[in-house]
**Student:** 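Take this structure, written in structure tokens, and hold onto it; I'll ask about it next.
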Amino acid sequence: MITLINEEIQNLSDQECIARIRAHKERLGRELLILAHNYQRYDIVQLADYYSDSLDLARRGREAHEAKYIVFCGVHFMAQTSRVLAAPHQRVFLPNHLAGCPLSDFAEIDQAETAWEEVTQYTGADNVVPVAYVNSTVLIKAVCGRNGGTICTSANADKVFTHYLSQGKRILFMPDEHLGNNTAVKLGIPRDEIALYDPAKENGGLAPEAIRRARVILWKGHCHVHTNFTPALVDAMRQRYPDAVVLVHPECPEATVRAADLVGSTKFMSAYVEKAEAGKTIIIGTEVNHVRNLALMNPHLRILELSRSLCPNMFKINLRNLLYTLDNLGEVNEVFVKEDVRQDALKAVNRMFEIA
Ligand code: 13P
Ligand code: SF4
């Protein structure tokens with residue numbers, strides 16, 4: 001579905017768009033819930049009822065019983081998750097259906113089903129749990145739900161991993177190798193018990209023995225926004241700002257995480273900034289809009305980009321397609337998920353809420 005914006009909206013100024021969006025919010029009251037991910041541009045974040053990380057937004061949507069219309073300013077998998085959690089009286093909208101997530105696209109449904117068959121033929125299905133990063137399509141979440149697994153976000157991956165590893169289970173983690181690897185390393189899993197499954201190869205390119213030995217099987221996939229951050233960039237910024245603290249997102253490669261001072265979800269970054277003393281220099285390695293928003297909202301701090309890395313998909317949401325969605329509420333940009341898929345994905349999402 002392509003989002004069309006009419007010529008009238010195209011010609012409005014930003015201020016006119018904002019005024020009309022505010023008027024819709026006033027008219028609809030609590031029937032309308034606008035959720036925005038931290039990577040949304042400043043104007044959008046300012047108009048949202050809540051802006052936060054993936055975990056928090058999933059919770060907010062679930063708790064907002066009065067909302068009939070949930071407009072999700074983020075990328076497609078986030079709106080799908082919101083749809084999975086929505087009650088029958090709630091409808092979910094994404095202002096631009098072209099706002100996908102290349103990381104989530106690393107795991108396709110047939111590849112995930114093949115991987116599950118290949119891995120379980122060596123381990124047995126009782127000894128391994130499929131866990132999808134929330135940055136995955138609803139079909140991948142449904143595979144996890146159907147097979148006794150769950151999902152996690154960057155904010156609770158360690159809790160979810162610990163839950164299963166402490167029961168002696170292996171984890172098949174899709175589709176971000178870096179979040180999976182950083183979590184496994186943080187939990188002290190030895191390197192020879194972490195395997196990397198490449199869906200383009202038979203058995204993921206792994207020998208049966210490597211699959212049996214692995215406690216965490218990672219999926220070959222990454223976020224291009226976060227693999228831009230290198231240890232060399234951290235070193236260069238430290239030289240310029242020796243007193244700075246460096247925060248990075250766990251989608252960054254392990255070497256970058258090691259070079260940084262702290263690692264955590266976008267909400268973790270916001271919480272750190274909130275508590276920081278005036279004048280502190282904080283260098284942040286994540287999507288540029290989150291860094292900019294934090295800098296704009298906290299002028300008493302010096303908040304700097306580790307380097308400029310934009311998520312072009314998050315950026316596809318703007319004032320004009322948000323206004324268009326609200327002008328035509330209920331008629332455009334709705335997110336649908338097939339009911340059987342939704343039910344399976346819901347099992348996975350609910351297990352996450354039980355665990356973490
Ligand atoms: P958070 O869950 O930390 O908000 O991150 C989501 C995301 O897409 C990171 O690239
Ligand atoms: Fe996906 Fe990366 Fe954009 Fe997050 S920053 S939505 S993981 S492409």
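Values reported hereafter were calculated over all heavy atoms of this structure, with side chains retained and with hydrogens, waters and symmetry mates removed. Just so you know, ligand 1 is whichever comes first in the structure, and atom 1 is the first atom listed for that ligand.
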**Student:** Does Glu251 have a heavy atom less than 4.0 Å from any atom of ligand 2?
**Tutor:**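 The answer is yes, since Glu251 has a heavy atom less than 4.0 Å from ligand 2.
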**Student:** Thinking salt bridges, do Arg258 and Glu254 make one under a 4.0 Å N-O criterion?
**Tutor:**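 Salt bridge between Arg258 and Glu254, a charged N being under 4.0 Å from a carboxylate O: yes.
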**Student:** With a cutoff of 4.0 Å, is Cys223 in contact with ligand 1, counting heavy atoms of the residue only?
**Tutor:**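 Flag not set, Cys223 not near ligand 1.
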**Student:** Quick one: does His249 get an N or O within less than 3.5 Å of an N or O on ligand 1?
**Tutor:**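 Yes, since at least one N or O of His249 sits under 3.5 Å from an N or O of ligand 1.
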**Student:** Does Thr281 reach the main-chain N or O of Arg302 with its side chain, forming a donor-acceptor pair under 3.5 Å?
**Tutor:**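 No, Thr281 side chain to Arg302 backbone: no donor-acceptor pair under 3.5 Å.
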**Student:** With atoms numbered from 1 as shown, which atoms in ligand 1 lie under 4.0 angstrom from a non-hydrogen atom of Glu251?
**Tutor:**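 Reading through ligand 1 atom by atom, the close ones are 7 (C), 9 (C), 10 (O).
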**Student:** Is it true that some N/O/S atom of Cys101, main chain or side chain, lies under 2.8 Å from atom 1 (Fe) of ligand 2?
**Tutor:**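 Yes.
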**Student:** Below 4.0 Å from any atom of ligand 1, is there a heavy atom belonging to His226?
**Tutor:**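 Checking ligand 1 against His226, which is what was asked, there is a heavy-atom contact under 4.0 Å.
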**Student:** Looking only at N/O atoms, are Asp53 and ligand 1 under 3.5 Å apart anywhere?
**Tutor:**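 No, since none of the N or O atoms of Asp53 sits under 3.5 Å from an N or O of ligand 1.
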**Student:** As a check for students: among Leu57, Asn135, Val75, identify the option with a heavy atom nearest to atom 8 (O) of ligand 1.
**Tutor:**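 Comparing heavy atoms across Leu57, Asn135, Val75, the nearest one to atom 8 (O) of ligand 1 lies in Asn135.
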**Student:** Please check if any side-chain donor atom of Glu117 sits under 3.5 Å from a side-chain acceptor atom of Gln121, or the reverse.
**Tutor:**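 Short answer, no.
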**Student:** I'd like to know if Tyr39 contacts ligand 1, where contact means a heavy-atom distance under 4.0 Å to any ligand atom.
**Tutor:**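 Judged by the 4.0 Å heavy-atom criterion, Tyr39 does count as contacting ligand 1.
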**Student:** Should the pair Arg170-Asp126 be classified as a salt bridge under the 4.0 Å nitrogen-to-oxygen rule?
**Tutor:**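 Looking at Asp126 together with Arg170, the answer is no, because their closest N to O distance does not fall below 4.0 Å.
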**Student:** Is atom 2 (Fe) of ligand 2 less than 2.8 Å from at least one N/O/S atom of Cys223?
**Tutor:**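 A backbone or side-chain N, O or S atom of Cys223 is under 2.8 Å from atom 2 (Fe) of ligand 2.
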**Student:** Give the contacting part of His37 toward ligand 1: side chain, backbone, both or neither, where contact means a heavy-atom distance below 4.0 Å.
**Tutor:**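 The side chain, only.
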**Student:** Hey, are Glu209 and Arg212 close enough for a salt bridge, meaning a charged N less than 4.0 Å from a carboxylate O?
**Tutor:**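 Looking at Arg212 together with Glu209, the answer is yes, because their closest N to O distance falls below 4.0 Å.
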**Student:** On the 0 to 90° scale, with breaks at 30° and 60°, tag the Tyr39-His226 ring pair as parallel, tilted or perpendicular.
**Tutor:**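 Ring orientation, 0 to 90° scale: tilted.
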**Student:** Are there more than 12 heavy atoms of other residues, nucleotides or ligands under 6.0 Å from atom CD of Glu202?
**Tutor:**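 No, not enclosed.
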**Student:** Which of the atoms in ligand 2, numbered in the order shown and given with their element, are less than 4.0 Å from a heavy-atom of Tyr39?
**Tutor:**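 Near Tyr39, the atoms of ligand 2 are 4 (Fe), 5 (S).
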**Student:** For atom 8 (S) of ligand 2, what is the nearest protein heavy atom, given as residue, atom name and distance?
**Tutor:**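 Atom 8 (S) of ligand 2 sits closest to the protein heavy atom Pro102 CD, 3.5 Å.
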**Student:** Would you call Glu287 a ligand 1 contact, heavy-atom distance under 4.0 Å?
**Tutor:**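 Outside the 4.0 Å threshold, so no.
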**Student:** Could Glu118 and Lys201 be called an ion pair, given the rule that one side-chain N must be under 4.0 Å from one carboxylate O?
**Tutor:**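 No, this pair does not count.
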**Student:** Got an N/O contact under 3.5 Å between Tyr133 and ligand 1?
**Tutor:**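 Between Tyr133 and ligand 1, no N or O pair is found under 3.5 Å apart.
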**Student:** Below 4.0 angstrom from a heavy atom of Asn135, which ligand 2 atoms are there? Numbered from 1 as shown, please.
**Tutor:**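 Contacts of ligand 2 toward Asn135, numbered from 1: 4 (Fe), 7 (S).
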**Student:** Between Glu193 and Val216, is there a donor-acceptor pair closer than 3.5 Å when you use the side chain of the first and the backbone of the second?
**Tutor:**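 No, because the side chain of Glu193 does not come within donor-acceptor range (under 3.5 Å) of the backbone of Val216.
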**Student:** Judged by non-hydrogen atoms, does Asn313 sit under 4.0 Å from ligand 2?
**Tutor:**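 Asn313 does not count as a contact of ligand 2 under the 4.0 Å cut-off.
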**Student:** Does the pair Lys347/Asp344 count as a salt bridge with the N-to-O cut at 4.0 Å?
**Tutor:**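 Yes.
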**Student:** ring-ring contact (aromatic ring centres under 6.0 Å, His included) with Phe173: which of Tyr197, Tyr164, Phe161?
**Tutor:**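 Exactly one pass, corresponding to Phe161.
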**Student:** Determine whether any heavy atom of Thr153 lies closer than 4.0 Å to an atom of ligand 1.
**Tutor:**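 Heavy atoms of Thr153 never come under 4.0 Å of ligand 1.
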**Student:** Which atoms of ligand 1 have any heavy atom of Ser265 under 4.0 Å away?
**Tutor:**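 So the answer, numbered in order with elements, is 3 (O).
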**Student:** Taking both backbone and side-chain atoms into account, decide whether Cys311 has an N/O/S atom under 2.8 Å from atom 3 (Fe) of ligand 2.
**Tutor:**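 So Cys311 counts as coordinating atom 3 (Fe) of ligand 2, yes.
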**Student:** Does the N or O separation between Ser54 and ligand 1 drop below 3.5 Å for any pair?
**Tutor:**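 It does: an N or O of Ser54 is found under 3.5 Å from an N or O of ligand 1.
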**Student:** Is the shortest heavy-atom distance from the side chain of Tyr50 to the side chain of Leu33 under 4.5 Å?
**Tutor:**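 Side-chain contact under 4.5 Å: yes.
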**Student:** Go through it in stages, so that I can follow the logic: the residues are Glu339 and Arg342, the test is salt bridge (charged side-chain N to carboxylate O under 4.0 Å, His left out), and I'd like the CA-CA distance, side-chain angles, deciding distance and then a yes or no.
**Tutor:** CA-CA 5 Å; Glu339 187 53 23; Arg342 194 183 79 82; 3.0 Å; yes
**Student:** Short N/O distance, under 3.5 Å, between Thr266 and ligand 1?
**Tutor:**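 N/O-N/O distance below 3.5 Å exists for this pair.
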**Student:** Using a 4.0 Å cutoff against the non-hydrogen atoms of Ser154, which atoms of ligand 1 qualify?
**Tutor:**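 In order of number, 1 (P), 2 (O), 3 (O).
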